[in-house]
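First comes the structure, then the notes that go with it.
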Amino acid sequence: MTTKSSLNAAPRRFALINDRIITAPKEVVPVSVLRALASIAADQVLVRDHGSPNDMVLDDRATVDLNDGNVFYTRARCDATPPAACGSPAKLAFAVDDTFELSTAAELPFEAFMALFGLEAGKQLFRDFESPNDQPVAPGSVLRFKDGPVFYTRGGQHHDARVEITIDGVKHKVAPGKTSGADLKKIGNVPLADELIQNIGGKLTPLADDATLCIAGGEEFVSHPRCGASS
Amino acid sequence: MSFPPDQIAELQALVPGVMACREGVVSYFLLPGLQLPAGCTPSKVDALLCPTPRDGYESRLFFSQLVTSTSARNWHVTNTRIVDRQWCAFSWKTNKTGLRLAQMVVEHLCAIK
């Protein structure tokens, strides 16, 4: 069993540079962007950590795929040796609640992953898709690095932090907090062209796609196709 | 005609006092104190949803009195009697079949918002 993506949203990714978590905008990133995000001085080179004497020195003009390894360190440019073949697998960093752990295994069973981070068994683990509909990772799953290395936890034993909202008569469990009209349409499988309306005690309030709403639980929405016309 | 319980529950969330009624073979839903969109006078009226085709319309929403709104509508029905009450209605086609009960109400209300 594997974990599923959340409504096709992109998982959050990061590069670990000198033991600092640097959030990456996407999985394939120019080295120059990582250098800028990590404020790397011009006299330093960025090196991908394979735990090998032949760790890969990255050309400033190259791009890196964080799926191939997201652990880096810097070294004085004058000490850097030309890139050589490196047969060792690159180190992989997973993050939970903004703390990281290293692994050379690209896949970890859920239970091993929880143990790696010292998380109690009752904690719910969510892969971070920056989506209001992040789904908890099920015990027994295999967590694959390439599916996204960033996670967060909620609650303790049997605690579910998500709240329930209703869209078109169907109940959905979502993370509380800010969400947009467009996100709610995705959650409710409402066509983007349809209008979403919030029912606030019988008062119907249209919700624009770019409107932001703070979900607390119990909100009710109705969509309609805007197809009516005077005859 | 019967309607799925989830659709009726959704309608109840919109109008808590909703009541099903019937005249002949036609089913209606009485929506007491239906809140109208901002800008409407009055702000609440009793309404009657006919969720099945009638008078050439896919569905109809009748109102217990004429409503003034920012969007002028053709109130071509001003005094029709259904389930022992007088009703008014403006001409509005939803142009779509398969709408749920709550969607029908919203589709009609959006015509006067």
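In what follows, every chain begins at residue 1, and chains take the letters A, B, ... in the order their sequences are listed. Keep in mind that this is a model prediction, so the values were computed, not measured.
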Please flag which part of [X] lies under 4.5 Å from any non-hydrogen atom of chain A: side chain, backbone, both or neither.
| X | value |
| --- | --- |
| B/Gln35 | both |
| B/Tyr57 | side chain |
| B/Leu14 | both |
| B/Lys113 | side chain |
| B/Ala9 | neither |

Item to check | A/His224 and its side-chain hydrogen bond (donor to acceptor under 3.5 Å, both in side chains) partner, picked from B/Arg100, B/His108, B/Gln103, B/Glu107 | outcome: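 Answer to the side-chain hydrogen bond (donor to acceptor under 3.5 Å, both in side chains) test with A/His224 among B/Arg100, B/His108, B/Gln103, B/Glu107: B/Glu107.
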Does [atom1] in [X] sit with more than 12 non-hydrogen atoms of other residues, nucleotides or ligands closer than 6.0 Å?
| X | atom1 | result |
| --- | --- | --- |
| A/Lys203 | NZ | no |
| A/Asp98 | CG | no |
| B/Arg22 | CZ | yes |

Item to check | Of B/Val105, B/Val106, B/Leu34, B/Leu36, the residue whose pairing with A/Leu204 passes side-chain contact (heavy atoms from CB on, under 4.5 Å) | outcome: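 When B/Val105, B/Val106, B/Leu34, B/Leu36 are each tested with A/Leu204, the side-chain contact (heavy atoms from CB on, under 4.5 Å) holds only for B/Val106.
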Next on the checklist: Is A/Ser223 in contact with chain B via its backbone, its side chain, both, or neither, using a 4.5 Å heavy-atom distance?
Outcome noted: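 Both backbone and side chain.
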Item to check | Considering all heavy atoms, the nearest A/Asn199-B/Ala13 contact | outcome: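 Scanning both residues completely, I find the closest heavy atoms to be ND2-O, 2.7 Å.
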Next on the checklist: Among B/Leu109, B/Val15, B/Leu99, B/Asn95, which residue has the highest count of heavy-atom pairs closer than 4.5 Å to chain A?
Outcome noted: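 Option with the top pair count is B/Asn95.
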